[in-house]
Amino acid sequence: MKARVTVTLKSGVLDPQGKAIEGALRSLGVDGVASVRQGKVFDIELEGGDPKKAEALLNQAADKLLANTVIENYRVEVIG
Amino acid sequence: MKAAVLVFPGINRERDMARTLRLVSGQAPSMVWHAERKLPAGTDLVVVPGGFSYGDYLRCGAIAARSPIMDAVRAFAAKGGLVLGVCNGFQILCESGLLPGVLMRNENLRFICRDVFLKVERSDTPFTRGYNAGQVIRVPVAHGEGNYIADGETIARLEGEGRVIFRYSSPDGMIDPDWNHNGAINAIAGIANDRGNVLGMMPHPENHVEADIGSTDGRGLFAGLAKQLGAAA
């Protein structure tokens, strides 16, 4: 079973990398970008096929390691 | 003083730290591998050194903070044992929950490697008894992620409880954005936990302990610890 965990910075947390990317897009002439916030994506292959169990496991993985919940939010998706 | 220096894959400042501890206290520390589950018997100081544990993968200090040895460090700290984290060690202590907050990418996005000035806010801690409150020391930094941040409530508590121990300052002790090289909130360079027995700091006092290097301003921290722990400083 395939799953994805997306980790993003909480709103209000400064994101200097996002700001630098935003500036680079502007200097490349990519118009219409209001702001950029960067984050991380984890593509995870799971054993077993129970989506409920998978979700619990992914939440555990995110809480324990993948995200620092002081500054980051995460979202888990079981892709199937 | 019976110090233990933790060693994680990718750490590269552990020998500087061990050398300084030996030089200042007269006793060589034990080097403790991350996969150990126990600290050596009689350990009275745990030092988490700087470097790049696990290549800074995921987040700085994140993987090291989940190492087997860190459970022993948490138990040691819970009993009041002294824990010092420097640079990556500070990041590891934050990631492990021993200290609040997080160290973000430097505001200017650059890796900063140079001497900075620190104002010592308090001298009544086991880590700073070798200094006077308000004293300014010159020590080096070498980090890309030293921009300390925590939620407003945590910052208010740190400030209210006098747990900000070191701040980036001008050479004469002024707190000024021009001297806050990494953009840390309130120019925070080092903090203690609520009990005062765990200290994390970004700069490297262990690199300024010999006159040959040009400064001995870091020596006070280790001399103070040695005195606290009853070794000849």
Side-chain angles (χ1 to χ4, degrees), chain A residues 2-30 33-47 54-79, chain B residues 8 53-54 56-68 70-71 74 88 90-112 143-155 157-158 177 180-186 188 191 193 200:
Chain A
K2 288 187 191 327
R4 175 167 284 184
V5 178
T6 309
V7 176
T8 50
L9 283 172
K10 287 184 178 172
S11 60
V13 174
L14 282 176
D15 179 13
Q17 294 182 74
K19 275 266 171 273
I21 296 163
E22 191 183 306
L25 287 173
R26 242 173 241 140
S27 63
L28 284 168
V30 181
V33 176
S35 77
V36 177
R37 309 271 293 163
Q38 52 85 48
K40 297 189 189 95
V41 167
F42 302 88
D43 284 326
I44 299 176
E45 195 84 37
L46 295 168
E47 294 166 353
E55 205 167 302
L57 185 154
L58 292 165
N59 281 318
Q60 199 187 6
D63 279 329
K64 279 194 163 175
L65 181 64
L66 302 182
N68 181 335
T69 54
V70 176
I71 49 162
E72 293 170 326
N73 290 320
Y74 65 84
R75 193 176 71 235
V76 308
E77 295 163 85
V78 178
I79 296 164
Chain B
F8 301 94
S53 58
Y54 295 92
D56 280 349
Y57 292 173
L58 188 62
R59 297 177 304 273
C60 300
I63 299 179
R66 277 88 179 161
S67 304
M70 289 309 292
D71 287 332
R74 266 186 286 268
N88 191 214
F90 185 12
Q91 296 163 340
I92 293 169
L93 293 179
C94 286
E95 277 283 346
S96 69
L98 280 163
L99 290 173
V102 60
L103 294 139
M104 302 269 294
R105 180 64 66 94
N106 294 343
E107 200 174 50
N108 66 4
L109 295 172
R110 296 203 180 102
F111 188 94
I112 301 167
H143 60 248
E145 283 88 1
N147 179 359
Y148 183 80
I149 184 107
D151 62 73
E153 197 184 317
T154 302
I155 296 297
R157 206 162 57 236
L158 286 172
N180 180 7
H181 64 283
N182 62 22
I185 190 160
N186 296 3
I188 290 173
I191 56 163
N193 66 342

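Below, all heavy atoms of this structure are taken into account, side chains as well, without hydrogens, waters or symmetry copies. Chain letters run A, B, ... following the sequence lines, proteins first, then strands; residues in each count from 1.
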Trainee: Tell me whether the count of non-hydrogen atoms from other residues, nucleotides or ligands lying under 6.0 Å of NZ in A:K40 goes above 12.
Mentor: yes
Trainee: Can you tell me which of B:T154, B:L109, B:N108 forms the most heavy-atom pairs within a distance under 4.5 Å of chain A?
Mentor: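 Looking at each option in turn, the highest pair count goes to B:L109.
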Trainee: Grab the two heavy atoms, one from A:P16 and one from B:E107, that are nearest each other, plus how far apart they are.
Mentor: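 Nearest pair, atom of A:P16 first, then B:E107: CB-O, 4.0 Å.
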Trainee: Is it true that atom CZ of A:R75 has more than 12 heavy atoms of other residues, nucleotides or ligands lying nearer than 6.0 Å?
Mentor: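 Open: at most 12 neighbouring heavy atoms sit under 6.0 Å from CZ of A:R75.
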Trainee: Against chain B, work out which of A:L66, A:V13, A:V70, A:D15 has the most heavy-atom pairs shorter than 4.5 Å and name it.
Mentor: A:L66
Trainee: Is A:I71 in contact with chain B via its backbone, its side chain, both, or neither, using a 4.5 Å heavy-atom distance?
Mentor: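 Contact with chain B involves the side chain of A:I71 alone.
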Trainee: Please classify the contact between A:K10 and chain B as side chain, backbone, both or neither, with a heavy-atom cut-off of under 4.5 Å.
Mentor: neither
Trainee: In terms of heavy-atom contacts, does CD of A:E47 have more than 12 from other residues, nucleotides or ligands at under 6.0 Å?
Mentor: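 No.
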Trainee: Is B:R66 in contact with chain A via its backbone, its side chain, both, or neither, using a 4.5 Å heavy-atom distance?
Mentor: side chain
Trainee: Considering residues, nucleotides and ligands other than A:R26, do more than 12 of their heavy atoms fall under 6.0 Å from its CZ?
Mentor: yes
Trainee: Checking heavy atoms, do the side chain of B:N106, its backbone, both or neither come under 4.5 Å from chain A?
Mentor: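 Only the backbone of B:N106 comes within 4.5 Å of chain A.
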Trainee: Return yes when atom CZ of B:F111 has more than 12 non-hydrogen atoms of other residues, nucleotides or ligands closer than 6.0 Å, and no otherwise.
Mentor: yes
Trainee: Identify which part of A:V7 has an atom lying under 4.5 Å from any heavy atom of chain B, answering side chain, backbone, both or neither.
Mentor: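 For A:V7, neither part sits under 4.5 Å from chain B.
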Trainee: Looking only at non-hydrogen atoms, find the nearest pair between B:M104 and A:L14 and report the distance.
Mentor: CE-O, 3.0 Å
Trainee: B:I63, B:V102, B:I149: which one forms the most heavy-atom pairs within less than 4.5 Å of chain A?
Mentor: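 Highest number of heavy-atom pairs under 4.5 Å: B:V102.
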Trainee: Which region of B:L58, side chain (C-beta onward) or backbone (N, CA, C, O), has a non-hydrogen atom less than 4.5 Å from a non-hydrogen atom of chain A, or is it both or neither?
Mentor: both
